Amino acid sequence: MDSKYQPQQIEGKLYEEWEKKGLFEAKINKDKKPFSIILPPPNANASLHLGHAMYAIEDVMARYHKLLGDEVLWLPGADHAGIETQYVFEKFLRKQDKSRFDFDRQTLFKMIWDFVQENRGTMENQLRKLGFALDWKRKKFTMDEDIVAQVYDTFKKLFDSGLLYRDYRLVNYCTRCGTSFSDLEVVYIERKDPLYYMKYGPFTIATVRPETKFRDTALAVNPKDKRYKKWIGKTIEIPGLLGPIKMTIISDPEVDPKFGTGIMKVTPAHDPHDFELGKKYDLPVTPIITTEGRMDFSWYLSQKNISEKYRARAEKYHHLKVAKAREIMVADLRQDGLLIKIDENYTHRIGTCYRDGSVIEPLPLEQWFIKVKPLVADVKKLLKDKKVKIHPKRFEKRLVDILDNFIDWNVSRQIVWGIRIPAYKCKKKSKVKSQKSKVDEKWFVSIDKPEKCLICGDCKFEQDPDTFDTWFSSSQWPFATLLTQKENKFFNYFYPTTVMETGYDILRAWVARMLMIGYFSTGKTPFEHVFLHGLVRDSKGQKMSKSKGNVVNPMDMVTKYGADALRLSLIFGVGEGNDLPFSEQKVVGMRNFCNKIWNMGRFIYMNRNQKSKVKSQKPKVLDDLKKEFEAEKKNYFKAMNSFKFSQALGDSYEFIWHRLADFYIEQLKDVIINGNIEALEALENVYLENLKMLHPFAPFVTEAVWKTFNGEESSILLEKLTG
RNA sequence: GGACUCGUAGCUCAACGGCUAGAGCAUUUGAUUUACAUUCAAAGGGUUGGGGGUUCGAAUCCCUCCGAGUCCACCA
């Protein structure tokens, strides 16, 4: 044995051997208790960041349960990460002076597919370098054919159950990404924008969006507002930039008389609040901004009998970007004497795209929505019946809160990189003309490509060009990955999975949805336990981000200090579910701990090999050692079985280093060197037992030492850990 | 505006109603022809954010105030 533990020379070889010997492979074994975890699938296209290294907690569980003798499945996978990946790919295209609009759908998809395949191996090998006991033979990709079939199946079931509907409503649209987002993907920021006070017939209104006023469909006041009471219900003519418009004054208690002038313009097509008002009072939805973020005045220009002045204006505005149009219109308003004043100090919050930071436009679009209410009710029952338990407990409250406030889920995305929605629109014109007819009546869903229209039977139906929100496929991950394994019974044996372990930041986006869709599809909870870990931050507690330049590459840490050291540093001394500030110092400390483990082994091993046959008295201190070790073991199992891994590790650390090494070995050093076999054996037993207990946390160093003691062919993973 | 988390040694955090509030790093002093200098022994460093309450006993439970952060909702 070397005088120092050198992980770089050992880790790669050990992992290869584990994988080759199939030690991570799961089988159906009726005599054993199944224990399963599905790895939250990292983005197939990207490298791992430190947050991914937190999956070490899952490895701790997987290896611990292997040692307990359970049948363990830890299933790896990769996510196609729709928007993320398409965004990265478009950046890559831009470098070559191209854009996605230069390619047709099939070509673009194929290009991204190849791009992802090229990069996919990186992430997988990084997971190996971290020592994760993943069953690679069962790995899945969200775009695998069989997974897609599963996703289609779920979509059809939702459709058939009436939980899916198509609706024309305001969605969060990023005109730069060219797609809508769910509400979870909108980031609100505080911003200063001019608030324009405009003359509006007999009134003054305040708005930050004068460019949308052409499509206002009403004015709204508070019913109790004395200033405007006499106007309610009246329709008046108001001079505007493009000539007079007719406007009806409605009243709604939601209008705040104290804001601005107490009278608001209602633009159902471009403001979520106004859209709701529009629905309530049956106002038409009349868009004026396109999905490209440009003004659309074609509705105006197609009219006859407009004066040359107004036509010229409309033509000037037409097709301008929103910001530019606003600028010009404000100038025109001023010219017409319609602008009263500008409040330059108005701050408000606006939605921006989480991906590229551009302003989100609320646009009316037809999209697929999942009715979440019934699903939420089922999940709440699961929680109440303790079919699924949340650790640490405080997150259960948050989950319930999330469920109570879940709004219908928009699953349509207008990007190419994703799973195409298997919905088709009947093109036959319906004979009955009814404005109130629901938009989804003309749609059908089919898992296989349909040969004829399932509604009318003979039209040239069209497939929805949209793809699914990435979370829609992810929400099915626990059961989809198991149902698509070769053995039929694999699913029955391992489902519901035992634990879902992930960061608390995706409790809403992922965990809640997995529970909803998982229960809907299988009638069971997808996992019995949810364990949530915190976020890795930098040493000052700041979020790591590329723009801040404080990102630590986990692989650098592995190269420098070994995978065990990195893993230990992410678990040691961290309260369950708490964020942890990452410091290289701590990794160094854990590297030292690994070295300590190694050298304790070295000391015992050296003396074992030169055992002399001197028989002497059994040292008294051995009784204390036994007692102390029994107590440690008890604590260890208690902590491990209640998801308190940090505590289990902390206790072991304390015992191994400061009791076993600093106290007992020091006490027994002389008698051992003099050949006291009893003392040596007692130490060896306790040490090797501790090696097993520590193996889930530090798999490499423990395995390396184990092999020294028990031969190259042995593996600590084949040992039993008993309480 | 709503919810949650946190405030403990210089720094980062443990301690989850019960021994003298602990660890890592940092600081100071000393040891070692050594299993390990990636070591060991020891020292300094604390009114547990302030105040009040419950209790035989509170960092821990309750109330209140102050401060920091996160998530959610978002009125033109």
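Every chain is numbered from 1, with letters handed out A, B, ... down the list of sequences. Note that this is a predicted model, so its numbers are computed, not measured. Just so it is clear, the values below take in all heavy atoms, side chains as well, and ignore hydrogens, waters and symmetry mates.
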For atom [atom1] of [X] and atom [atom2] of [N], their distance in whole Å:
X: A:L403; N: B:A3; atom1: CG; atom2: C1'; result: 14 Å
X: A:D252; N: B:C75; atom1: CG; atom2: P; result: 14 Å
X: A:Q585; N: B:G24; atom1: CD; atom2: P; result: 13 Å
X: A:M247; N: B:A76; atom1: CE; atom2: P; result: 19 Å
X: A:R349; N: B:G2; atom1: CZ; atom2: P; result: 15 Å
X: A:D579; N: B:A68; atom1: CG; atom2: C1'; result: 13 Å
X: A:H533; N: B:U70; atom1: NE2; atom2: C1'; result: 15 Å
X: A:F406; N: B:C71; atom1: CZ; atom2: P; result: 17 Å

Worksheet entry | Heavy-atom protein contacts under 4.0 Å, nucleotides 15-21 of chain B, coded B base, S sugar-phosphate only, - none | -B-----
Worksheet item: How does protein contact run along nucleotides 38-45 of chain B, one letter per nucleotide 5' to 3', with B for base contact, S for sugar-phosphate only, - for none, heavy atoms under 4.0 Å?
Response: BSSS----
Nearest-neighbour nucleotide for the [X] side chain, [options] considered:
X: A:D401; options: B:C25, B:A3, B:U70; result: B:A3
X: A:T207; options: B:A35, B:A76, B:A14; result: B:A76
X: A:D256; options: B:C75, B:U70, B:A35; result: B:C75
X: A:Y188; options: B:G24, B:C74, B:C25; result: B:C74

Compare every heavy atom of [Y] with every heavy atom of [X], then report the nearest pair and how far apart it is.
X: A:V255; Y: A:M264; answer: CG2-SD, 4.0 Å
X: A:A648; Y: A:M640; answer: CB-SD, 3.5 Å
X: A:G650; Y: A:F572; answer: CA-CE1, 4.0 Å
X: A:N410; Y: A:F181; answer: OD1-O, 3.9 Å
X: A:R215; Y: A:P287; answer: CD-O, 3.5 Å
X: A:R567; Y: A:P696; answer: NH2-O, 2.9 Å

Worksheet entry | Sequence-distant partners of A:F603, ring pair (Phe, Tyr, Trp, His ring centres under 6.0 Å), two or more places apart |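 In terms of ring pair (Phe, Tyr, Trp, His ring centres under 6.0 Å), with neighbours along the sequence ignored, A:F603 is linked to no residue.
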Quick one: sort the [X] and [Y] rings into parallel, tilted or perpendicular, breaks at 30° and 60°.
X: A:Y653; Y: A:H658; value: perpendicular
X: A:H529; Y: A:F643; value: tilted
X: A:F531; Y: A:F645; value: perpendicular
X: A:F203; Y: A:Y228; value: perpendicular

Fill in: For RNA chain B, the residues among residues 691-704 of chain A that have a non-hydrogen atom under 4.0 Å from it
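Nucleic-acid contacts, sorted: none.
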Fill in: Those residues of residues 506-516 of chain A lying under 4.0 Å from RNA chain B by at least one heavy atom
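When residues 506-516 of chain A is checked for heavy atoms under 4.0 Å from RNA chain B, the hits, listed by number, are A:R508.
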Item to complete: Identify, between A:M264 and A:I665, the residue whose nearest nucleotide on RNA chain B lies closer to the 5' end.
Response: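 With A:M264 and A:I665 compared, the 5'-side residue is A:I665.
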Item to complete: Look at A:Y196 and B:A76 and indicate whether a side-chain polar atom (N or O) is within less than 4.0 Å of OP1 or OP2.
Response: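 The answer is no; no side-chain N or O of A:Y196 sits under 4.0 Å from OP1 or OP2.
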Worksheet item: Is the phosphate of B:C4, meaning OP1 or OP2, less than 4.0 Å from a side-chain N or O of A:K397?
Response: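 Looking at the OP1 and OP2 atoms of B:C4, one of them is under 4.0 Å from a side-chain N or O of A:K397.
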Worksheet item: Looking at the rings of A:H348 and A:Y346, which for Trp means the six-membered one, are their centres under 6.0 Å apart?
Response: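 Yes, close enough.
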When rounded to the nearest Å, what value does the distance between [atom1] atoms of [N] and [M] take?
N: B:U60; M: B:G18; atom1: P; answer: 12 Å
N: B:C62; M: B:U54; atom1: C1'; answer: 7 Å
N: B:U12; M: B:G51; atom1: C1'; answer: 28 Å

Fill in: Note, A:K633 side chain near A:E689 side chain (heavy atom, < 4.5 Å)
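Result yes, sub-4.5 Å side-chain heavy-atom pair found.
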Worksheet entry | Residue pair A:M198 / A:L333, side-chain heavy-atom distance below 4.5 Å |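 The answer is yes, as the side chains (C-beta and beyond) meet within the 4.5 Å cut-off.
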Item to complete: Go through the N and O atoms of the side chain of A:R398 and the base of B:C4, and report whether any donor-acceptor pair is under 3.5 Å.
Response: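 No, the side chain and the base share no sub-3.5 Å donor-acceptor pair.
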Worksheet entry | Salt bridge A:K380-A:D404, side-chain N to carboxylate O under 4.0 Å |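 Looking at A:K380 and A:D404, the cut-off is met.
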Fill in: NZ/A:K280: more than 12 non-hydrogen atoms of other groups inside 6.0 Å
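Yes.
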Worksheet item: Does NZ or CZ of A:R659 come closer than 6.0 Å to the centre of the six-membered ring of A:F663, within 45° of the ring's axis?
Response: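 Satisfied, under 6.0 Å and within 45°.
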Item to complete: Hunt down any stem RNA chain B takes part in, defined as 3 or more consecutive Watson-Crick or G-U pairs whose two distances are each under 3.5 Å.
Response: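 Counting only runs of 3 or more consecutive pairs, the stems involving RNA chain B are B:1-7 with B:66-72, B:10-13 with B:22-25, B:27-31 with B:39-43, B:49-53 with B:61-65.
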